[in-house]
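Written out below as structure tokens is the structure these notes cover.
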Amino acid sequence: MDHCQLPKRQREVVMLRYYENFKTDEIAVLIGISEKTVRNTLFNAMMSLRIHSNLHKASMAVAILFFLLSF
């Protein structure tokens, strides 16, 4: 999952925070939500990306294992 597969709100908050370097209070004002909602949205987005990353790593490890066992 890349950032484009996140829900629109999560994608927007992640882009503002990590690509545009806005602070959470600035993001809250900019898009009209509370700072707590910004923090929760960032947390949920990062968890989604982390879960996807771990699944990708696990599937790569299995593929490598099968490749090595085929010799």
Side-chain angles (χ1 to χ4, degrees):
M1 172 184 298
D2 60 25
H3 69 277
C4 293
Q5 294 174 320
L6 293 172
K8 182 181 179 195
R9 171 62 56 86
Q10 288 182 3
R11 187 170 59 245
E12 179 180 31
V13 171
V14 167
M15 294 296 287
L16 289 170
R17 178 67 185 104
Y18 296 108
Y19 291 95
E20 301 295 330
N21 295 315
F22 280 84
K23 296 177 182 173
T24 55
D25 60 329
E26 296 170 325
I27 296 169
V29 170
L30 186 66
I31 62 176
I33 60 177
S34 72
E35 188 175 355
K36 182 177 180 180
T37 300
V38 171
R39 289 192 308 267
N40 287 338
T41 302
L42 283 169
F43 176 81
N44 291 332
M46 295 293 94
M47 290 302 293
S48 293
L49 293 170
R50 185 173 295 130
I51 288 167
H52 182 277
S53 175
N54 288 339
L55 290 174
H56 178 72
K57 288 176 188 174
S59 65
M60 288 299 294
V62 169
I64 291 168
L65 181 60
F66 279 126
F67 174 77
L68 292 173
L69 292 175
S70 67
F71 287 105

Subject >> Path from Val14 to Phe43 over hydrophobic side-chain contacts below 4.5 Å >> reply: no

**OP:** Determine, stepwise, if the pair Ile27 / Thr41 fulfils side-chain contact (heavy atoms from CB on, under 4.5 Å).
**Re:** CA-CA 11 Å; Ile27 296 169; Thr41 302; over 6 Å; no

**OP:** Evaluate the criterion side-chain contact (heavy atoms from CB on, under 4.5 Å) for residue pair Asp25 and Val38; output intermediate values, then yes/no.
**Re:** CA-CA 8 Å; Asp25 60 329; Val38 171; over 6 Å; no

Original post:
Looking only at heavy atoms, which two atoms of Ser34 and Ala28 are closest? And how far apart?
Top reply: C-CB, 3.8 Å

Subject >> Residue pair Glu35 / Thr24, side-chain donor-acceptor N/O under 3.5 Å >> reply: yes

Original post:
Is the closest side-chain heavy-atom distance between Arg9 and Ile33 below 4.5 Å?
Top reply: yes

**OP:** Salt-bridge test for Glu12 and Lys8: reply yes if a basic N is under 4.0 Å from a carboxylate O, no otherwise.
**Re:** no

Original post:
Is there side-chain contact between Tyr18 and Met46, with heavy atoms separated by less than 4.5 Å?
Top reply: yes

Original post:
What are the two closest non-hydrogen atoms of Arg11 and Leu6, and how far apart are they?
Top reply: NH1-O, 2.8 Å

Original post:
Is there a donor-acceptor pair under 3.5 Å between the side chain of Glu26 and the backbone N or O of Lys23?
Top reply: yes

